[in-house]
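Ligands are counted one by one from 1 in listed order, and the atoms in each one are counted from 1 as well.
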Amino acid sequence: MRLRALLLSMCLCGYTLVTVAESRTVEVNLEAKVARVTISPGHEVEAWTYNGDIPGPVIRAHVGDRLIVHFKNNLPQPSTVHWHGVRLPFAMDGVPGMSQPEVPPGGSFTYDFVLPDAGLFWYHPHVMSAMQVGYGLYGALLVDDPSENIGIPNEKVLVLSDISLEDDGSLMSPAGAGVAAKVFGLEGNHLLVNGREQLNLTARAEEPQRWRVVNAAKSRYFELQLGEPSDKMSFTVIGGDGGLQEYAVDQETLIVAPGERADAVVVPHGKPGSEVVVTDLVYDRGYGSGYDGTHDLLTLSLTGPASASDPPHLAALRSIEPITRSGATDIQMDVTLVQLDARNIEYRINNAPSQNGLTIHASIGETQIWTIKNETQWSHPFHLHGFFFQVLDDNGEPVRPLAWKDTVDVPYDKTVRLAVRYDERPGATGMWMFHCHILDHAEGGLMGMVELGAHHHISDP
Ligand code: C2O
Ligand code: CU
């Protein structure tokens, strides 16, 4: 383990070094299967699950740990597991036909990799993703850094999602939806938090809680509001996709696009015995947004006695270096929606037809600046596999607070720029995907590949 830890820290050029006190091995069995899940009292659904529930188990590990997952596919369809946001070797990325063969029904596959970063990650299939994720296949992977101490022991992992059900409770097939629905991105008609409708949790009044939130819905954005509009409580955002950010920021609402994560501190105000409701507001992600209004997602029942502890001090959280942009390669991506014929429409990047997709070439050690111009009427949460990036502002400066991300929203009619450095690590070369995390959009053509080759030794940093 010692040698492995050393190798790991040597390979993390450009990223915060991991100090591996003691690396352990975390071993998990993950079985994908159809199972009955109770999403609200008296409401059972026959869903697609990991280990029999929605979401799958929260996998907990420490940074530097080795994770071994024995995956068994007992679905009626092939599947794989993708580890969203984890900087792992390409062979473990879970993309069928690229990093591994599909795992057929009855088959199995062992995922085995080291967790180089602290943060909330998640896992989901990468075969027929819109359908399989929509049917309930997702779970959280929480990687803790024991040396990170923000002084809030009270932590909740919240997996946000939705599911489409027919009136008789059966799963709605995505096949029946029309072209317009796919262009927008199909949202489920039942909203879930940790797999339950209108979840009820208890919370001690006035006691700070750390919420680790992931949006696992296949199309829906979430915008959370805590408390009544007249009596709102703020979210103190301390991190996102790739762990803690530079410093904390207070926000009135918490917006989480599909695939993204948020790390936020909340303090439920109120008397013991009262309730605080978390509402999902209507988020404008383009034409057709908000057709089903706002939803109550979660109720916190406050218990006493009210906590009198001082709110934690969250000023400086982590030092993050901005990615050096000198010598970076510029990559331009234009996202369009193309009408092929009367019945077929596809999303394209740089007009590449969806069967081939766009391939970008890169080499290890290279930095690229991506300029993603969204020329469509719908927003697209862009996700890059296997690497973190930093979002840049209009002047090309990194957005503050600095943060590591793997998914960024590209709003309709807007342009987003980001800087990505392809860091060296064992097995990093390969064909890494990037795609919209509205999974109907990804399947409708909004995806591409980074073909990452070996080091060029042009400008070794
Ligand atoms: Cu979570 Cu290819 O994505
Ligand atoms: Cu999209």
Side-chain angles (χ1 to χ4, degrees), residues 55-56 79-88 90 92-100 119-134 137-141 159-161 180-187 214-221 240-242 256-261 283-289 333-338 345-349 354 357 372-388 405-414 416 430-450:
S79 195
T80 57
V81 187
H82 168 60
W83 304 91
H84 184 122
V86 180
R87 295 187 304 127
L88 38 60
F90 179 64
M92 296 291 119
D93 198 41
V95 177
M98 290 287 163
S99 67
Q100 68 169 96
L120 180 68
F121 303 94
W122 65 295
Y123 57 93
H124 62 78
H126 229 286
V127 176
M128 309 272 290
S129 313
M131 178 177 173
Q132 295 194 5
V133 172
L137 290 165
Y138 38 80
L141 164 61
V159 179
L160 311 179
S161 66
K182 293 235 166 176
V183 164
F184 179 61
L186 281 175
E187 297 181 351
V214 48
N215 182 352
K218 71 185 185 70
S219 295
R220 183 182 296 274
Y221 286 56
D241 299 346
V256 200
E260 273 190 317
R261 283 84 72 209
Y283 180 78
D284 177 11
R285 64 176 182 87
Y287 182 73
S289 298
M333 293 189 198
D334 294 332
V335 178
T336 52
L337 184 61
V338 180
I345 284 177
E346 73 180 19
Y347 280 104
R348 287 185 173 178
I349 307 174
S354 64
I372 308 165
K373 187 173 180 212
N374 184 354
E375 297 178 41
T376 75
Q377 298 306 301
W378 294 275
S379 301
H380 304 294
F382 244 69
H383 168 50
L384 170 63
H385 285 209
F387 297 89
F388 290 145
K405 290 186 66 60
D406 55 60
T407 307
V408 63
D409 186 43
V410 184
Y412 59 89
D413 275 333
K414 291 256 162 27
V416 165
M431 295 286 278
W432 295 95
M433 282 192 85
F434 57 90
H435 59 87
C436 178
H437 226 287
I438 291 180
L439 298 171
D440 291 312
H441 293 178
E443 287 176 8
L446 225 171
M447 58 165 73
M449 299 277 170
V450 175

Student: Using a distance threshold of 2.8 Å, state whether an N, O or S atom of His82 lies below it from atom 2 (Cu) of ligand 1.
Tutor: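 Checking atom 2 (Cu) of ligand 1 against His82, no N, O or S atom falls under 2.8 Å.
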
Student: Using 2.8 Å as a strict upper limit, say whether an N, O or S atom of His385 approaches atom 1 (Cu) of ligand 1 that closely.
Tutor: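 No N, O or S atom of His385 is closer than 2.8 Å to atom 1 (Cu) of ligand 1, so no.
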
Student: Taking the six-membered ring of Phe121 as reference, does the NZ or CZ atom of Arg87 fall below 6.0 Å from its centre and within a 45° cone about the axis?
Tutor: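 No; the conditions do not both hold, so Arg87 does not lie above the ring face of Phe121.
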
Student: State which residue, out of His124, His380, His385, fulfils the ring pair (Phe, Tyr, Trp, His ring centres under 6.0 Å) condition with His437.
Tutor: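 Testing each of His124, His380, His385 against His437, the sole residue satisfying ring pair (Phe, Tyr, Trp, His ring centres under 6.0 Å) is His124.
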
Student: Between NE2 of His435 and NE2 of His126, what angle is found at atom 2 (Cu) of ligand 1, rounded to 10 degrees?
Tutor: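 The NE2/NE2 angle about atom 2 (Cu) of ligand 1 sits at 110°.
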
Student: To the nearest 10 degrees, how large is the angle at the Cu ion (ligand 2) between His380 ND1 and His441 ND1?
Tutor: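 Between ND1 of His380 and ND1 of His441, the angle at the Cu ion (ligand 2) is about 90°.
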
Student: Among the N/O/S atoms of His437, select the one at the shortest distance from atom 1 (Cu) of ligand 1 and name it.
Tutor: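 The nearest such atom is NE2.
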
Student: Would Glu443 and Lys218 pass as an ion pair if we require N to O under 4.0 Å?
Tutor: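 Between Lys218 and Glu443 there is no salt bridge, as every charged N stays at least 4.0 Å from the carboxylate O atoms.
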
Student: Which N/O/S atom belongs to His84 and is the closest one to atom 1 (Cu) of ligand 1?
Tutor: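 Checking each N, O and S atom of His84, the shortest distance to atom 1 (Cu) of ligand 1 belongs to ND1.
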
Student: Quick one, Ile438 and Pro381 - any side-chain contact, counting heavy atoms below 4.5 Å?
Tutor: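 Yes, side chains in contact.
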
Student: Given 3.5 Å as the limit, does a donor-acceptor pair link the side chain of Ser99 with the main chain of Gly94, or not?
Tutor: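 Looks like yes, one N/O pair under 3.5 Å.
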
Student: Glu260 vs Asp241, test: side-chain contact (heavy atoms from CB on, under 4.5 Å). Steps then yes/no.
Tutor: CA-CA 6 Å; Glu260 273 190 317; Asp241 299 346; 4.0 Å; yes

Student: Decide, counting backbone as well as side-chain atoms, whether His383 has an N, O or S atom less than 2.8 Å from atom 1 (Cu) of ligand 1.
Tutor: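 No, since none of the N, O or S atoms of His383 sits under 2.8 Å from atom 1 (Cu) of ligand 1.
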
